[in-house]
Amino acid sequence: MNTFVQQIINFLQLGSIYALCALSFTMVYGVARLVNFAHGSIFGVSMYVLFFASTYLFNVIESTWLVYVISLVISCIVTSLIALLLERVAYTPLRNAPKVAVVVSSVGAGMVIEYLILNIAGSKALRMPSLIPNIKFDLLGVSVPLYKFMIIIIAIITMVVLNIVIKKTKLGIAMRAVSQDRVAAGFMGIQTSKVVSASFVFGAIIAAVAASLYGTAYSIFAYDVGESIIWWSFIAAVLGGIGSINGAVLGGYIIGAISVLAPIILPVSSYKDIVAFAVLIIVLLVKPTGLLGKKGIEKI
Amino acid sequence: MTQKKNKTNGKGTIFWQVAGVSVFALILVLVKELGLVSTSVLLILQYVGIYSILALGINIVNGYLGVFSLAHAGFMAIGAYVSATLSKYVFMNDWMFIISIFLGGIAALLVGILVAIPSFKTKGDYLAIITLGFSLIIQSVLQNANFVGASQGLNNIPKFTNIYWVFGCLGVAVILVDRFIHSKYGRSLKAIREDQTASMLVSVDVRRIKTIAFALSAFLIGVSGALISHLLGYTSPSAYGFTNIVDGLVMVYLGGMGSIIGSIFGSTAWQLIVQLLKNLGTWRWVVGGGLLVVVMIFLPKGVFGYMELKDIGHKVKGFFNGSKHREDQ
Amino acid sequence: MDTEKIISLKNVCMYFGGIKAIDDVTFDIDKGRLFGIIGPNGAGKTTIFNVITGMYIPTSGEIYYRDQQLNRLMPHTITGNGIARTFQNIRLFEDQTVLDNLKIANFSHTKYGLLDVFLQSRKFKQEEERIEETSMEILKFLKLERLANKRAGSLPYGEQRRVEIARALSCNPEVLLLDEPAAGMNPAEIRDLNQLILNIRDHYDLTIMVVEHQMRLVMEICEEILVLNFGKKLAIGQPEQLKTNPVVLEAYLGKTS
């Protein structure tokens with residue numbers, strides 16, 4: 001029973017992080033239809049900004065919560081600016097180019113950012129200061145640290161807020177329109193380039209939140225922290241269905257579930273990737289447009 | 001009239017092919033035997049050759065067929081491991097290397113046929129993820145397979161690879177791909193890339209063509225894996241992960257999709273960039289990445305996108321003869 | 001001979017969810033006929049082509065090409081067996097040359113294998129020559145030979161339509177399905193097209209099915225016409241008979257009696 005509760009919490013924690021990452025990835029992916037391989041580096045940037053900001057702030061401010069909030073805001077701003085710069089430099093000039101050109105360009109931009117981090121901050125692994133007070137809770141006889149709850153709660157709040165923004169606000173509606181048909185959205189008077197920029201900012205902000213949770217959960221990180229995150233986000237987003245926000249969340253939690261379950265069921269923990277991919281391949285073979293993706297009927 | 005012209009053209013090209021190959025062979029002999037270049041340059045040349053074969057293989061599926069596949073790391077690993085195991089335990093003489101190379105390629109080819117199956121129904125990024133999954137599954141399996149050294153990989157692989165093997169294989173690969181592309185198979189690849197439904201409705205057997213494309217692609221990639229493992233003398237699962245996948249894509253898209261010369265150019269350019277910037281230390285990746293962005297902005301189809309040297313020749317000629325042609329019409 | 005059936009549909013239905021695109025349609029086409037299908041938008045005309053060419057698997061019913069049932073065959077097999085088509089909104093391989101568009105359509109009856117390609121065997125060269133010749137012949141017949149090396153996508157609309165017909169002919173068909181060949185054409189162009197369709201039929205000894213909005217084209221050249229409305233067969237017969245058929249008039253003119 002104890003381990004069961006523990007595993008459930010582990011699953012929710014990991015799933016929430018994956019879900020947020022997938023969500024941040026899917027913002028740009030869904031709206032601009034761009035596989036942004038530089039997104040992992042954006043994630044890395046927010047980790048480092050958060051690290052430096054919070055390390056500094058702990059010298060000045062005592063309240064952990066306040067440090068967390070302020071450094072998160074700083075990280076959101078810096079990350080958004082870099083994402084916007086990235087869009088201007090590596091994406092906007094290629095708006096009418098073949099899709100793969102944008103993919104390669106984003107790979108290049110990602111390399112630039114990642115190795116800039118390496119050259120500026122060094123290759124040494126860093127330890128994120130704990131951003132959430134170290135308190136333990138008792139849940140069904142299991143002692144659970146507060147940060148695990150907070151990760152789950154913050155992730156869920158972010159998802160709910162994002163859902164409201166996408167569903168109810170003018171910007172959200174414009175985003176969905178651009179996502180469905182960019183040309184038609186342009187004809188309807190939507191400034192598509194601004195909407196795409198907005199999606200980069202959204203993606204960056206969610207990435208910054210996800211990074212703060214990741215840092216809280218795993219604390220140790222290095223310059224290449226975003227690398228595997230980006231692939232798993234891509235996988236989760238596709239598994240859920242390209243452009244589907246709920247799909248990205250679902251995909252994230254499924255990847256989380258597999259990561260937690262596989263080591264329990266399987267003899268060797270490193271088989272986890274194999275299981276995750278096997279599930280993915282089977283799902284896509286049965287449903288070629290992802291779990292919540294819409295199937296387009298081709299008109300002949 | 002047109003036909004006669006074609007025939008003479010055909011004979012002409014064969015002459016030039018033979019001439020080109022002999023000159024090239026001569027250069028290779030001079031370079032290797034007379035020690036005209038340093039061993040490190042010789043090594044770079046071998047990398048260039050091997051990665052050109054890899055890029056050619058990737059280009060068949062990603063360029064000519066237009067499918068965004070990320071399966072190449074998996075195929076390369078299979079080619080490397082199968083050939084390395086064979087030449088360690090079975091074909092231990094260096095002239096038998098050809099058998100190991102071939103069987104490494106064949107092993108990758110057989111798996112390639114399986115990987116083609118998802119491409120029948122799935123497409124776009126969904127297929128990209130499936131093929132990525134394939135590559136990472138192969139990597140995971142190798143990491144866990146004790147009989148091939150698990151995460152340590154294989155060591156003491158006989159270093160059979162030399163510049164002759166590399167450029168011999170590259171020559172054969174170029175000829176095979178060139179002939180394949182200029183046949184009904186190659187035409188069908190391009191047709192499927194443009195409009196799969198219309199291809200079916202002009203009698204193209206889309207599934208068969210996709211299977212053949214994946215098989216040939218996997219074969220070439222497998223061969224490149226075989227060559228690289230016998231060049232280094234060791235191979236391990238970590239060599240066939242994300243970095244390898246991205247490297248392969250960069251070479252193909254930098255050089256240009258759907259182009260033989262583009263594949264060779266792309267891998268040469270990328271190897272040179274990586275080697276020349278070595279002095280910059282870790283800054284070289286910043287510069288290299290920046291270069292990629294710049295090239296894509298100015299040449300979004302890659303340097304030779306959907307073009308061969310002769311097309312560029314035609315273009316240049318056309319530019320100078322432009323006015324004359326218009327008068328003819 | 002003249003009553004040999006080449007295409008037969010027996011109680012064919014095609015449903016998409018709740019929408020009945022084709023509802024219990026039965027008809028036969030004699031060999032060598034010029035057969036028209038007319039009906040208002042959404043009547044299921046193109047869907048008939050799609051079930052015949054294997055793009056859709058009919059919900060129920062049977063489709064025969066001579067004695068061969070087509071229901072479960074793949075589109076490329078059906079096309080290879082002798083049923084070729086054009087598309088309502090042109091679908092050429094735009095980045096390929098006109099000649100290559102035709103060559104691609106030779107796929108199923110090009111008799112060489114991979115080994116022939118890699119070894120550049122005599123068979124490969126002969127077949128490639130043959131394909132080039134027949135493709136040029138077809139282009140000549142449609143007066144398109146001067147466009148052979150032009151990029152298909154660069155041609156004006158009218159010529160693209162003709163190239164599409166040429167490409168369909170390259171499949172070596174016995175039955176040719178034309179999906180709204182006159183769309184966007186003016187009366188003079190339609191007159192030329194009528195003549196072209198008749199010429200093609202006679203020269204290549206084909207059976208031709210035409211889906212069309214343009215009554216003028218259908219009424220002038222078709223020998224037998226199927227009238228569809230909301231997926232149902234309304235009438236079938238010669239143009240003269242249909243002109244006076246009250247059911248057809250009602251569907252088309254909304255006449256109530």
Side-chain angles (χ1 to χ4, degrees), chain B residues 1-7 10-11 13-14 17 64 66 109 120 172-173 175-209 211-213 215-216 219 257-258 301 305-307 314 318 325 328-329, chain C residues 49-50 53-55 74-87 90-96 99-114 116-120 124-125 127-129 131-133 136 145-146 148-149 152-153 164 167-168 170-173 177:
Chain B
M1 170 78 186
T2 8
Q3 256 185 29
K4 251 188 183 164
K5 213 170 144 195
N6 275 348
K7 262 185 193 162
K11 266 182 194 152
T13 34
I14 287 175
Q17 276 172 359
Y64 291 104
L109 178 146
F120 296 164
V172 173
I175 292 169
L176 286 187
V177 173
D178 183 53
R179 292 181 171 179
F180 181 75
I181 291 307
H182 295 103
S183 72
K184 68 168 179 175
Y185 300 101
R187 287 195 292 268
S188 308
L189 287 190
K190 296 176 198 166
I192 294 169
R193 176 178 79 211
E194 285 202 36
D195 189 336
Q196 180 166 326
T197 308
S199 309
M200 274 193 256
L201 290 170
V202 294
S203 80
V204 173
D205 187 343
V206 172
R207 292 184 177 189
R208 204 172 112 224
I209 291 296
T211 311
I212 292 172
L216 180 60
F219 178 78
M257 283 190 290
K301 284 181 180 167
Y306 304 121
M307 279 196 288
H314 282 310
H325 269 289
D328 285 351
Q329 277 190 359
Chain C
F49 278 11
N50 284 338
T53 51
M55 281 316 291
M74 294 288 288
H76 68 86
T77 316
I78 295 173
T79 313
N81 286 352
I83 302 179
R85 71 174 282 177
T86 65
F87 301 90
I90 305 169
R91 294 183 83 151
L92 288 172
F93 306 117
E94 293 189 355
D95 282 335
Q96 312 300 321
L99 185 59
D100 274 346
N101 264 276
L102 269 66
K103 283 184 174 177
I104 290 163
N106 278 281
F107 185 86
S108 69
H109 53 88
T110 307
K111 288 180 187 56
Y112 59 70
L114 275 171
D116 294 306
V117 172
F118 289 143
L119 302 176
Q120 301 277 292
F124 169 80
K125 286 176 181 156
E127 281 289 281
E128 283 290 303
E129 252 168 52
I131 293 168
E132 173 123 7
E133 262 168 43
M136 284 312 290
E145 73 268 30
R146 79 205 143 79
N149 291 317
E164 228 194 10
R167 185 179 66 178
S170 299
C171 300
N172 217 355
L177 314 186

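So you know, we letter chains A, B, ... as the sequences are listed, proteins then strands, and number each from 1.
Under the 3.5 Å distance criterion, the side-chain polar atoms of B:Glu194 are matched with a main-chain donor or acceptor of C:Asp95. The backbone N or O of B:Ser183 lies less than 3.5 Å from no partner atom in the side chain of C:Glu128, so there is not a single donor-acceptor pair.
Here the shortest heavy-atom pairing between C:Tyr112 and B:Tyr185 reads O-OH, 3.4 Å.
Both the backbone and the side chain of C:Glu94 come within contact range of chain B, judged by heavy atoms closer than 4.5 Å. Interface remark: C:Phe124 contributes side-chain atoms only to the contact with chain B (heavy atom separation under 4.5 Å). At a 4.5 Å heavy-atom cutoff, the contact between B:Ile209 and chain C is made by side-chain atoms alone.
Contact check for C:Phe93 versus B:Asp195: side-chain heavy atoms found under the 4.5 Å cut-off.
From B:Asp205, atom CG reaches atom CE of C:Met74 across 7.0 Å, with rounding to the nearest 0.5 Å. Annotation: the span from B:Lys184 atom NZ to C:Lys103 atom NZ amounts to 14.0 Å, rounded to 0.5 Å. Residue C:Asn81 holds its CG atom at 10.0 Å from OG of B:Ser203, rounded to the nearest 0.5 Å. Taken to the nearest 0.5 Å, the CG atom of B:Leu176 stands 10.5 Å off from the CG atom of C:Leu114. The distance from atom NE2 of C:His76 to atom CZ of B:Arg208, rounded to the nearest 0.5 Å, is 9.0 Å. Put simply, CD on C:Gln120 and CZ on B:Arg179 are 4.0 Å apart, with the number rounded to the nearest 0.5 Å.
Heavy-atom neighbours of B:Lys190 NZ from other residues, nucleotides or ligands within 6.0 Å: above the threshold of 12.
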